[in-house]
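All remarks here apply to the structure that follows.
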Amino acid sequence: MSRFIFGMVVGAALLFACERYHLVHGQDGFFIVPKISNGLTDVYVDIRSFTLDDWRAHKPLAAAIMKSDRSEVLSDAALGGFRDNIGGLVEGLFSD
């Protein structure tokens, strides 16, 4: 019976954390960002290969990152995605 109660407490704590925080995997590792609104969206997000279109699709995540003073992550990811898109375009133009 005590294992069941322990499991319920751990599950409730994890649900509480998932509703209130984003776990973000960036170029510099993992970091936790408080969510702007509670919910189970974007609990874990890998932003290492995000493009500008990805950021448009994840506006609440971008706003939460800006609010938590981690805005350097946004510029690094967007710039990397922009470089990849331009690199693909250039390769397409100059390939056989």
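All figures in this text were calculated on a predicted structure; none of them were measured in a lab.
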So, for [X] and [Y], which heavy atoms are closest and what is the spacing to 0.1 Å?
{"X": "G26", "Y": "I47", "answer": "CA-CG1, 3.9 Å"}
{"X": "V33", "Y": "S68", "answer": "CG1-OG, 3.7 Å"}
{"X": "V45", "Y": "L61", "answer": "CG1-CD2, 3.6 Å"}

>> I'd like to know if the side chain of E19 and the backbone of G39 have a donor-acceptor N/O pair within less than 3.5 Å.
In response: no
>> For K35, is there any backbone N or O sitting under 3.5 Å from a side-chain donor or acceptor partner on H22?
In response: no
> Between atom OG1 of T51 and atom CZ of R56, what is the distance when rounded to the nearest 0.5 Å?
Replying inline: 8.0 Å
> So, H25 versus F31, ring centres under 6.0 angstrom or not?
Replying inline: no
>> Assess the residue pair V43 and Y21 against the criterion (side-chain contact (heavy atoms from CB on, under 4.5 Å)); give the C-alpha distance rounded to whole Å, side-chain angles, the decisive distance to 0.1 Å, and a yes or no.
In response: CA-CA 7 Å; V43 174; Y21 297 97; over 6 Å; no
> Do L14 and L23 share a hydrophobic cluster (ILVMFWY, side-chain heavy atoms under 4.5 Å, transitive)?
Replying inline: no
> Is F6 reachable from V9 through a run of hydrophobic residues whose side-chain heavy atoms are each under 4.5 Å from the next?
Replying inline: no
> Hey, does I36 have a side-chain heavy atom less than 4.5 Å from the side chain of P60?
Replying inline: no
>> In the structure I gave you, are the side-chain heavy atoms of V24 and D46 within less than 4.5 Å of one another anywhere?
In response: no
> Between F16 and N38, is a side-chain contact (heavy atoms from CB on, under 4.5 Å) present by the stated rule, with each step listed?
Replying inline: CA-CA 9 Å; F16 178 83; N38 294 341; over 6 Å; no
